[in-house]
Amino acid sequence: MRTTNPRTIVIWTLVALVGAAGWTVLALSRGEEVSAAWMVAAALGSYAIGYRFYSRFIVNRVLKVDRTRATPAERLDNGIDFHPTDRRVLLGHHFAAIAGAGPLVGPVLAAQMGYLPGTIWIIVGVIFAGAVQDMVVLFFSTRRNGKSLGQMARDEIGPFGGAAALLAAFMIMIILLGVLALVIVNALARSPWGTFSIGMTIPIALLMGFYLRVLRPGRVSEVTLIGVALLLLSIVAGRWVAESSLAETFTLAPSTLVLWMVAYGFIASVLPVWMLLAPRDYLSTFMKIGTIGLLALGVVIAMPDMRMDAVTDFAGRGDGPVFAGSLFPFVFITIACGALSGFHSLIASGTTPKMIQKETQIRMIGYGSMLMESFVAVMALVAACIIDPGLYFAMNAPAGVIGDSVQSASQAVANLGYTISPSDLAKAAEAVEEQSLLSRTGGAPTLAVGVSEIFSQVVGGSGMKAFWYHFAIMFEALFILTALDAGTRVGRFMLQDMLGNVYKPFRNVSWKPGIVVTSAVVVALWGYFLWVGVHEPLGGINQLFPIFGISNQLLAAVALAVCTTLLVKSGRLKWAWITGIPLAWDVTVTLTASWQKMFSGDPRVGFFTQRERYQDAVDADKLLPPAKSMEDMHTIVTNSTVDGVLSAVLALLIVVVVVDAARVCVKAVRNPALATLDEAPFVESKLTAPAGLWATKEEKAEGVRDASERAAAGR
């Protein structure tokens, strides 16, 4: 019987106490200032406990990962999509692919409700729902040759529910990719620093890919040092470029950025995964984790106070200026990716299962990456809550609420119950070298202001605020772009799986004609919505933006339904609660939100009520904000109709999937012998690779034995 080391007991007791102390302070503080460091303590302590105990229990007792079983990357290695990838590189790729706009902007918007509701959902939600979903989907996809979520649903639930899952997943994927792309365009438009620095990551990634594949195979540490050094140089050089005669060359209009992004998305989807996608995502992870890590360190050093209330009045009234709706269900929908994300399930059943070396790495990559993203969300919430609440609402309320001058904004903020003077609003914009910070909605500018506030308190003082603000804007664009390129490739996989049910050659995801055709279709779809959205403020992807959060959470319901079905069918009925409880919660929250978005009598919430209001105004020949012309009024009527209908269609598709999954589960429980699994047959693995970032003594010894045996066989 294995005994626990007393030193281990002491360490984990201290970790638990740190987390508990953080939660106690956050929960009991009322009316007094609370240091943001307590939020960091609560998050890190909870993550450590969840990863060490809960994820370990799931992989060992429930999933029973098998280190002797060959993964698809080993069995089907073709150097294009299937390729055994070093666990450190794959961890970087997976984290970069899942960490898009959601964890950066969702928590910033949710700060309207106060810091406490968002903190609880981000941390508790990720430990028991988001990270579990990602890990379990990755496990089951790995056991099925890396099949996409929709195809697994079709194979395991049946053609009816599976067809609904395939259609819903692909539709939602295009919406998510379009929204991600729009955020990037808004961040990089006319920003030579960001455009240059992010553009340089592409040749750096190509160099890293060839270095690992051709020049020095397996030398991950070497290529990491080279890549990080070149990345830091490109960031510094980007600042030089922005201040030089080259600035005009890298100052791109939104429409030009759209064309470049579509081209990049297509190339990243078509090229072998080791050449561009994996090394670029791995490279960007250093900047992502490095920046967030430094931000957390800055919070611990500067100890800024949380200036936002723990729970604001808007949480109960549901009439907030940032977004309308009550705390339940909309705080969960708004935060989205930081706690639970359906988009992640597409990556976990897309690129990652085709690259993972050993099943034992599923815990670190699936569960661990999601904890990392959740911490990003926590830091985004911190950044939003340490700035003056008056500035927060002035930045995130639309122009129709606060007007277009610092005087009107100051008065509007006062009407909301907060105070900030016109001169303070002007000084805040001047400090970050912006003409105005009013109505800079979307979350990203607010996050950048918070980041600049924290970093300037540690390095450089207030004179460095502008530098850190523009650095944060560039950082956000890099953060999101890695989700776009991986998402495009995953969209290609999904479309290939769908077409493969009609034309068999598409089932081979590395079939070159299929790669080109499906990649072109995917980038054309999200590229079209993006192009229209850039040229028409109320059209294209802007039309679909309001259903972004709900769509993402509906997709999570599909993923959790598939996971629960597979647990039941594979004889793990007693453990089905692990994904079944998060499924029940997600379905309840998301369908409630969908119902309210369709039928609420508040025109700020309900799409059809909004449509009726604007249609009545059109009939009366009146203009309502944000419309500036009658053409805009007609566009808003159309958008509200489309959003309402799409919300209904997506909700109906998810209900079909969940009901059909329940039918399959009941059938499997009644007749276990008739339950069939579409699982790849067992093949013994010949690879040796550690399960975590650092090899254990046993894993090192195994690696030495295998190396000796290979050397002897070679002689």
Side-chain angles (χ1 to χ4, degrees), residues 36 101 104-105 107-109 111 183-198 235-236 238-243 247 250-251 287 291-292 294-295 298-299 302 304-305 307-308 322 379-399 402-407 409-410 413 418 420-480:
L104 292 177
V105 301
V108 172
L109 303 180
V183 176
I184 297 168
V185 169
N186 290 338
L188 290 184
R190 301 178 178 85
S191 172
W193 182 8
T195 302
F196 175 83
S197 298
I198 290 174
I235 294 171
V236 175
R239 180 72 169 178
W240 297 338
V241 167
E243 297 172 350
F250 292 94
T251 303
M287 184 177 174
T291 301
I292 294 300
L294 289 174
L295 191 61
V299 168
D305 290 329
R307 303 179 70 179
M308 186 69 75
V322 180
M379 297 314 300
L381 187 60
V382 166
C385 292
I386 63 158
I387 66 175
D388 189 308
L391 177 60
Y392 170 86
F393 285 107
M395 290 185 68
N396 289 282
I402 65 170
D404 56 3
S405 69
V406 291
Q407 290 78 15
S410 175
V413 169
Y418 298 91
I420 189 167
S421 68
S423 61
D424 286 339
L425 286 172
K427 288 177 183 177
E430 183 181 353
V432 295
E433 297 180 4
E434 290 282 349
Q435 291 184 348
S436 173
L437 290 177
L438 302 183
S439 297
R440 295 294 298 273
T441 57
T446 305
L447 174 60
V449 169
V451 169
S452 70
E453 184 72 30
I454 294 170
F455 279 161
S456 64
Q457 289 184 33
V458 179
V459 180
S462 58
M464 287 287 288
K465 273 190 177 182
F467 172 85
W468 290 122
Y469 173 84
H470 291 284
F471 171 83
I473 291 291
M474 186 269 294
F475 160 74
E476 292 169 26
L478 174 65
F479 208 103
I480 300 165

If you take all heavy atoms of [X] and [Y], which pair is closest and at what distance?
| X | Y | result |
| --- | --- | --- |
| Ser436 | Ala429 | CA-CB, 3.9 Å |
| Ser439 | Ala397 | OG-O, 2.9 Å |
| Val299 | Met379 | CG2-CE, 3.7 Å |
| Ile402 | Ala394 | CD1-O, 3.1 Å |
| Lys465 | Ser456 | CG-OG, 3.6 Å |
| Val108 | Tyr392 | O-OH, 2.7 Å |

* Asked: Would you call the rings of Phe471 and Phe467 parallel, tilted or perpendicular, where under 30° means parallel and over 60° means perpendicular?
  ->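 Parallel, since the angle between the ring planes stays under 30°.
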* Would you call the rings of Phe196 and Phe250 parallel, tilted or perpendicular, where under 30° means parallel and over 60° means perpendicular? ->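 Taking Phe250 first and then Phe196, their aromatic rings stand perpendicular (interplane angle over 60°).
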Measure the spacing between [atom1] of [X] and [atom2] of [Y] and express it to the nearest 0.5 Å.
| X | Y | atom1 | atom2 | value |
| --- | --- | --- | --- | --- |
| Glu434 | Met395 | CD | CE | 8.5 Å |
| Leu391 | Arg440 | CG | CZ | 11.5 Å |
| Thr446 | Leu104 | OG1 | CG | 12.0 Å |
| Leu109 | Leu381 | CG | CG | 11.0 Å |

* To do: Go through the steps to decide whether Tyr418 and Asp388 satisfy the test side-chain contact (heavy atoms from CB on, under 4.5 Å), and finish with yes or no.
  => CA-CA 9 Å; Tyr418 298 91; Asp388 189 308; 5.9 Å; no
* So do Val241 and Trp193 actually touch side chain to side chain, heavy atoms under 4.5 Å? ->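 No, every pair of side-chain atoms sits at 4.5 Å or beyond.
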* Inspect the surroundings of CD in Glu430 and state if more than 12 heavy atoms from other residues, nucleotides or ligands are less than 6.0 Å away. =>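 Not more than 12 within 6.0 Å, no.
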* Quick check: are there more than 12 heavy atoms from other residues, nucleotides or ligands sitting under 6.0 Å from CG of Asp305? ->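 Correct, the count exceeds 12.
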* Quick check: does any side chain N or O of Trp468 sit under 3.5 Å from a backbone N or O of Val432, one acting as donor and the other as acceptor? ->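 Side chain of Trp468 to backbone of Val432, a donor-acceptor pair under 3.5 Å: no, none is there.
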* Asked: Is there a donor-acceptor pair under 3.5 Å between the side chain of Ser452 and the backbone N or O of Val449?
  ->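 It does hold such a pair.
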* Asked: Leu295 pairs by side chain to side chain contact (heavy atoms under 4.5 Å, CB included) with which of Val458, Val382, Ile454?
  ->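 Exactly one option meets the side chain to side chain contact (heavy atoms under 4.5 Å, CB included) with Leu295, and it is Ile454.
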